[in-house]
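We count ligands from 1, going down the list as the structure has it; atoms in each ligand are counted the same way. Quick note: numbers below take in every heavy atom, side chains included, and nothing from hydrogens, waters or symmetry partners.
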Amino acid sequence: MEIKACIFDLDGVIVDTAKYHFIAWREIARELGFEFTEAHNERLKGVSRMRSLEILLEVGGIVLDQKAKEFLAEKKNNDYLKYVLQMTPDEILPRVKDFIEELRQLQIMIAIGSASKNAMTILNRLQIIHLFDTVVDGNKVTKAKPDPEIFLKGAHELIIPPANCVVFEDAEAGIEAAIAANMKCVGIGSPQNLAKANLVIPGFEKFSFHKMNELLK
Ligand code: G6P
Ligand code: MG
């Protein structure tokens with residue numbers, strides 16, 4: 001397989017926004033009268049905003065109508081944005097920028113494939129938007145991961161066949177989406193949670209294009 005494009009999830013791969021999502025969701029749970037823990041928060045990784053709220057409500061055993069859900073999702077997002085708008089380039093996870101720069105030198109096409117509707121805001125805060133040939137985010141798709149739509153759209157925008165794309169993902173739903181898109185997948189995290197990926201790495205330290213090529217063979 002010849003690697004011609006790399007598609008990066010954003011949250012949990014390039015930057016750790018999970019901690020901000022957690023603080024904002026925990027606040028919503030507290031207002032509703034229950035505790036939302038970090039273990040519960042694991043279930044929200046890679047999941048869309050509305051689906052995240054539904055999981056949170058399941059945890060609290062609370063049923064709300066659509067209007068109330070929309071109100072809470074917006075409230076959470078306004079709170080979350082307060083943290084996002086204070087982010088700096090220091091928060092980019094170790095070595096990921098070097099890896100992306102290496103890919104650019106090798107003329108590999110590069111995309112973001114993120115469920116987040118805040119992806120552009122985050123990329124701007126991190127000052128790395130110029131590194132990507134295209135950004136497919138939650139505003140451009142109708143189906144959430146594990147549906148392959150996000151990654152297929154990314155490949156389409158890069159004009160590269162899916163079979164020549166590698167996806168970088170930290171969430172199980174994202175890995176399933178990559179497999180469904182007929183792409184190779186590198187999991188970022190621990191092998192226990194990401195068993196379906198072709199290759200799992202703890203992070204981008206000591207990682208390179210050459211290494212990836214060898215390991216994905
Ligand atoms: C990513 C995160 C999820 C988040 C989703 C939507 O996939 O891993 O935790 O719920 O994006 O993010 P948004 O910024 O649109 O609320
Ligand atoms: Mg993620």
Backbone or side-chain N or O of [X] under 3.5 Å from ligand 1 N or O:
{"X": "Lys76", "answer": "no"}
{"X": "Asp9", "answer": "no"}
{"X": "Ser114", "answer": "no"}
{"X": "Asn77", "answer": "no"}

Would you call [X] and [Y] a salt bridge, taking side-chain N to carboxylate O under 4.0 Å as the test?
{"X": "Glu31", "Y": "Lys75", "result": "yes"}
{"X": "Arg43", "Y": "Glu58", "result": "yes"}
{"X": "Glu70", "Y": "Lys67", "result": "no"}

Exercise for the section: Write the atom name of the N, O or S atom in Asp9 that is nearest the Mg ion (ligand 2). Expected result: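 The nearest such atom is OD2.
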Handout entry: Atoms in ligand 1 with a heavy atom of Lys117 nearer than 4.0 Å
Key = 13 (P), 14 (O), 15 (O)
Of all the heavy-atom pairs spanning [X] and [Y], show the shortest one and how long it is.
{"X": "Ile3", "Y": "Met212", "value": "CD1-CE, 3.9 Å"}
{"X": "Lys145", "Y": "Ser114", "value": "NZ-CA, 4.1 Å"}
{"X": "Met183", "Y": "Leu152", "value": "CE-N, 4.1 Å"}

Problem - Within the 6.0 Å centroid threshold, strictly below: Phe99 and Phe168 - result: yes
Handout entry: Min heavy-atom dist Gly12 to ligand 1 below 4.0 Å
Key =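 False for this residue.
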Exercise for the section: Check whether any heavy atom of Ser52 sits under 4.0 Å from an atom of ligand 1. Expected result: yes
Handout entry: Nearest-option assignment for atom 1 (C) of ligand 1, heavy atoms, candidates Leu44, Leu10, Asp11
Key = Asp11
Exercise for the section: Please note down the angle at the Mg ion (ligand 2) between O of Asp11 and OD1 of Asp170, to the nearest 10°. Expected result: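 Vertex the Mg ion (ligand 2), arms to OD1 of Asp170 and O of Asp11: 90°.
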Practice task
Take Glu157 and Val136 through the test side-chain contact (heavy atoms from CB on, under 4.5 Å) and record every step on the way to the result.
Solution key: CA-CA 9 Å; Glu157 289 190 7; Val136 182; 4.0 Å; yes
Shortest protein contact, [atom] (heavy atom only):
{"atom": "atom 5 (C) of ligand 1", "answer": "Val47 O, 3.2 Å"}
{"atom": "atom 6 (C) of ligand 1", "answer": "Ser116 CA, 3.7 Å"}
{"atom": "atom 16 (O) of ligand 1", "answer": "Arg49 NE, 2.8 Å"}
{"atom": "atom 7 (O) of ligand 1", "answer": "Gly46 CA, 3.3 Å"}

Practice task
Output, in order, the C-alpha distance, side-chain angles, deciding distance and verdict of side-chain contact (heavy atoms from CB on, under 4.5 Å) for Ile62 and Phe34.
Solution key: CA-CA 10 Å; Ile62 291 172; Phe34 65 95; 3.6 Å; yes
Exercise for the section: Applying side-chain hydrogen bond (donor to acceptor under 3.5 Å, both in side chains), run through Lys45 and His21 and close with a yes or a no. Expected result: CA-CA 9 Å; Lys45 289 189 178 169; His21 280 295; over 6 Å; no
Exercise for the section: Give a yes/no answer: is there an N/O/S atom of Glu169 under 2.8 Å from the Mg ion (ligand 2)? Expected result: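 No, Glu169 does not qualify, because none of its backbone or side-chain N, O or S atoms lies under 2.8 Å.
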